[in-house]
Participant: 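Here it is: the structure, laid out below.
Everything numeric in this text was worked out from a predicted model, so none of it was measured. Proteins come first, then strands; the chains are lettered A, B, ... in the order of their sequence lines, and each starts at number 1.
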Number of protein chains: 2
Amino acid sequence: MSRPAAKVTIREVAERAQVAISTVSHAFSGSRPISQATRERVLRAAAELGYDPNPSARSLRTGRSGIVGLVLRPRYAVTGTPDRAETFNRLVGSIATEMLRRKTGLIHVPDIDDPSVARVPMDGCIVAHPYGDDSVLTELTRRGIPVVTVEEDPERPGFPWAVRLDYPAVVTALLDHLREQGARRITLFTGTEDNAWNRRTRETYLAWSARRRRTPRVEVLSEGLTPDDAAAAVRPLLTGRSRPDAVIIATSDFAALVTRVAAAEGLRVPDDLMVASLTDTEHSRTASPPITAMDLNHEKLAEHAVELMLARLSGAGNPGNHWSSPRCCTCARPPGARDRPGRTVRRAGADRHAPIVDASITKR
Amino acid sequence: MSRPAAKVTIREVAERAQVAISTVSHAFSGSRPISQATRERVLRAAAELGYDPNPSARSLRTGRSGIVGLVLRPRYAVTGTPDRAETFNRLVGSIATEMLRRKTGLIHVPDIDDPSVARVPMDGCIVAHPYGDDSVLTELTRRGIPVVTVEEDPERPGFPWAVRLDYPAVVTALLDHLREQGARRITLFTGTEDNAWNRRTRETYLAWSARRRRTPRVEVLSEGLTPDDAAAAVRPLLTGRSRPDAVIIATSDFAALVTRVAAAEGLRVPDDLMVASLTDTEHSRTASPPITAMDLNHEKLAEHAVELMLARLSGAGNPGNHWSSPRCCTCARPPGARDRPGRTVRRAGADRHAPIVDASITKR
DNA sequence: CTGAAAGCGCTAACAG
DNA sequence: CTGTTAGCGCTTTCAG
């Protein structure tokens, strides 16, 4: 019982149970008929010795580890502000929880680009928020590791194993909301991270502006800026004769910062300046004055990404065929397509795509 | 370059480079002298073939995987309320971030008790918030896997590889704060989870009550209760002639709930009833009326747990000897001991213990 | 400095 | 139904 924890192998179990090692193996896996008597003898011997199968040996032999990797791409997600940490934590927590439910190991993959870092045994890998033409996707593909992404790599529009967010719908709703509140000149402060989040939101903003015959105004604000630098960059853009009466700021911590800058400039929020952000965090939820925010719905993204990964690993040839939970998704809609509110559009070939998750906006 | 991602082995690299496979191995590991010419030939062959060492084969051979496991014990942390999720996410996120910094793989271990679930290759395992006489600790120890815990198993007080929280100091501070605000009858609502959090806070409450010559009043509220059941259980205890003028409720979501129950009973918070919680979440931070809360300081716990784990894996015989970051810790203080504010106590043998992290309270 | 060979512990043919 | 055996891909002696 309280044996000194020496690692006991299948061979010792076989000896003690007086059977061949293959019998022990099969007694556990059930992959071939074993007489009741033998099975019991084996299991008892194993229990007495405290046998525990060596996962590396098993993986080496079978070629599978039963482990899924996770890589979170955004540079500023890990280091950085509490807001970024919150976003990171929410996604990681959701994926971990979902994997736990599925009783499958999830491993945070350390530095896939650094050759000096030890490789990790994974059957597949979830890559969250990839960049355009993402190098990690390239590398994993080269290694032959099946990948599922949370949000698409914007340079790989045809990649079918991506869970997408429906940006056009939600960003349009956000813009319409601001407009209904009286906004006439909306400036978008976008980030420098080249991912779907920045790209799609910008595209949607431009398309909306064109449709509404408004002059778009896009400013770039690096996610890596210090609060002071960000404030300094934003300040001159909030004043002057053509100043905006509403701003959309990608990162929520910068959004909170903008409200302070505005106050310092004598602008009242939201009367003189409405502020909205493209990610929802505690900051945006509790800011005073209030900040309207887009919720990326990490929990749903995670749930679907995990489901998609497991489907892919169990041999699904393409995402659509084996997809089982179209609940919150509009799977029929090809990426980029927009449908009218309340209307479901079905198109040929659409079932070859992974689902699109609905984001939402919280109006404040 | 864009080879069809067939897994290439060390043998093929050896063939292409016209060397023995052991030479290839050593060319990568640098564990024996290799001539410059051969090394280059090997590395080029590897690059051309897209060689990627098989981690399972390596682990099988070396006996180490370079991966650390993570198990989060509290039953209600994963499923359950948003508050629990936040607590879970914060801890998981912090540990993941810290492990990433250390370029070491972190794996969420699925269901260690369930024999049908595939084992996972880990060199060590971090167990967060273990129960008293925790079965997972027992099992891991039996398997000979080095363990570090976040908070101690209350039934294993001598276990040195535990990062502890300084409950006496912070809970006493919390009680003193309530008392200074005028609280005369403080009731503690404790949970049913048998872990350090519940035990230590209760002990401290009882000790404080004895010291202050107050009659302690402890009520038990299972963490698994639905909000409705929790409300129903709490309601009668808030009223009556000997009703408390302050309550400390372990879980913050129940704390928020108590404020609602109190309001429904016509009690004003905090005038008629002060409310404090033993964990800090967005709920407690933003509740109105305000909730004083204890912050478990997950980030620091995580940082220290990871550091301790890596120290243990690199052969540290005991925690104290290899401990390098006593910044926020009062390592000299044996578990349970209290020192006077602003005074550092050093005791013999204290360096054999892992650090004690300071929690804090946020007064609201 | 390099090669040959022995396994790490397990699974999956293939024989009985 | 059970036993024997050949490796999975790698590291590490031990010889040259």
Side-chain angles (χ1 to χ4, degrees), chain A residues 5-43 45-46 49-67 115 118-123 143-145, chain B residues 5-43 45-46 49-67 115 118-123 143-145:
Chain A
K7 54 185 167 189
V8 17
T9 78
I10 200 175
R11 169 179 256 94
E12 306 170 50
V13 176
E15 268 168 22
R16 184 177 245 264
Q18 300 284 16
V19 294
I21 59 170
S22 62
T23 304
V24 176
S25 175
H26 291 120
F28 277 97
S29 65
S31 57
R32 88 179 178 190
I34 300 273
S35 79
Q36 190 58 19
T38 328
R39 141 161 295 132
E40 272 168 16
R41 202 144 34 85
V42 169
L43 294 181
L49 294 174
Y51 169 66
D52 195 52
N54 180 323
S56 296
R58 187 199 297 261
S59 304
L60 175 57
R61 189 59 239 238
T62 63
R64 282 165 304 98
S65 66
I67 296 171
R119 245 88 275 203
V120 124
M122 51 181 170
D123 295 345
R143 291 199 206 159
I145 295 176
Chain B
K7 54 184 167 190
V8 15
T9 78
I10 199 176
R11 167 177 258 97
E12 305 170 50
V13 176
E15 268 167 21
R16 185 177 244 264
Q18 300 284 15
V19 295
I21 59 172
S22 60
T23 303
V24 176
S25 176
H26 290 120
F28 277 97
S29 66
S31 57
R32 89 179 177 191
I34 300 273
S35 77
Q36 189 59 21
T38 339
R39 141 162 295 133
E40 272 167 16
R41 204 146 32 87
V42 169
L43 293 182
L49 293 173
Y51 170 67
D52 195 52
N54 180 322
S56 296
R58 187 198 298 260
S59 304
L60 175 56
R61 187 58 237 239
T62 62
R64 281 165 303 98
S65 65
I67 295 171
R119 245 87 276 204
V120 124
M122 51 181 170
D123 295 344
R143 291 198 207 161
I145 296 176

Participant: Specify the separation, in whole Å, of atom CZ of A/R119 and atom P of D/dT11.
Facilitator: 12 Å
Participant: Starting from P on C/dC8, measure out to CD on A/E12 and report it in whole angstrom.
Facilitator: 11 Å
Participant: Can you measure B/L49 atom CG to D/dG9 atom P for me and round it to whole angstrom units?
Facilitator: 14 Å
Participant: Could you tell me whether the side chain of A/M122 reaches within less than 4.5 Å of the side chain of A/I145, counting heavy atoms only?
Facilitator: yes
Participant: Just wondering, do A/P121 and B/I67 contact through their side chains at under 4.5 Å, heavy atoms?
Facilitator: yes
Participant: Using whole Å, report how far OH of B/Y51 lies from C1' of D/dT11.
Facilitator: 10 Å
Participant: Rounded to whole Å, please give me the gap between CG in B/L60 and C1' in D/dG7.
Facilitator: 12 Å
Participant: Using the side-chain heavy atoms of B/N54, tell me which of these nucleotides is nearest: D/dG9, D/dT11, C/dT11.
Facilitator: D/dG9
Participant: Return the CG to OG1 distance between A/D52 and A/T9, rounded to the nearest 0.5 Å.
Facilitator: 12.0 Å
Participant: Measure the CG-CG distance between B/L60 and B/N54 for me, rounded to the nearest 0.5 Å.
Facilitator: 9.5 Å
Participant: With sugar-phosphate meaning primed atoms plus P, OP1 and OP2, does B/T9 contact a base, only sugar-phosphate, or nothing at under 4.0 Å between heavy atoms?
Facilitator: sugar-phosphate
Participant: What is the distance, to the nearest angstrom, from the CZ atom on B/R64 to the C1' atom on C/dG9?
Facilitator: 17 Å
Participant: Report the residue from A/R16, A/Q36, A/Q18 that forms a side chain to side chain contact (heavy atoms under 4.5 Å, CB included) with A/R41.
Facilitator: A/Q18
Participant: In whole angstroms, how far is the P atom of C/dA12 from the CD1 atom of A/I10?
Facilitator: 11 Å
Participant: Grab the CZ-C1' distance between A/R58 and D/dG9 for me, whole Å please.
Facilitator: 18 Å
Participant: Tabulate protein N/O versus nucleotide N/O from nucleotides 2-6 of chain D, keeping only pairs under 3.5 Å, one per line.
Facilitator:
{"residue": "D/dT2", "atom": "OP1", "partner": "A/S35", "partner atom": "OG", "Å": "3.0"}
{"residue": "D/dT2", "atom": "OP1", "partner": "A/T38", "partner atom": "OG1", "Å": "2.4"}
{"residue": "D/dT2", "atom": "OP2", "partner": "A/S35", "partner atom": "N", "Å": "2.9"}
{"residue": "D/dT2", "atom": "OP2", "partner": "A/T38", "partner atom": "OG1", "Å": "3.3"}
{"residue": "D/dG3", "atom": "OP2", "partner": "A/A20", "partner atom": "N", "Å": "2.8"}
{"residue": "D/dG3", "atom": "OP2", "partner": "A/T23", "partner atom": "OG1", "Å": "2.9"}
{"residue": "D/dG3", "atom": "N7", "partner": "A/S22", "partner atom": "OG", "Å": "3.4"}
{"residue": "D/dG3", "atom": "N7", "partner": "A/R32", "partner atom": "NH2", "Å": "3.1"}
{"residue": "D/dG3", "atom": "O6", "partner": "A/R32", "partner atom": "NH1", "Å": "2.5"}
{"residue": "D/dG3", "atom": "O6", "partner": "A/R32", "partner atom": "NH2", "Å": "3.4"}
{"residue": "D/dT4", "atom": "O4", "partner": "A/S22", "partner atom": "OG", "Å": "3.0"}

Participant: Give A/F28 one of three labels, base, sugar-phosphate or nothing, depending on what nucleic acid heavy atoms sit under 4.0 Å from its own.
Facilitator: nothing
Participant: Has A/S59 got a side-chain atom pairing as donor or acceptor with B/S56's backbone, closer than 3.5 angstrom?
Facilitator: no
Participant: For B/R32, does the CZ atom sit with more than 12 other heavy atoms under 6.0 Å from it, leaving out its own atoms?
Facilitator: yes
Participant: As a test of reading the structure: which of D/dC10, C/dT11, D/dT12 is closest to the side chain of B/T62, going by heavy atoms?
Facilitator: D/dT12
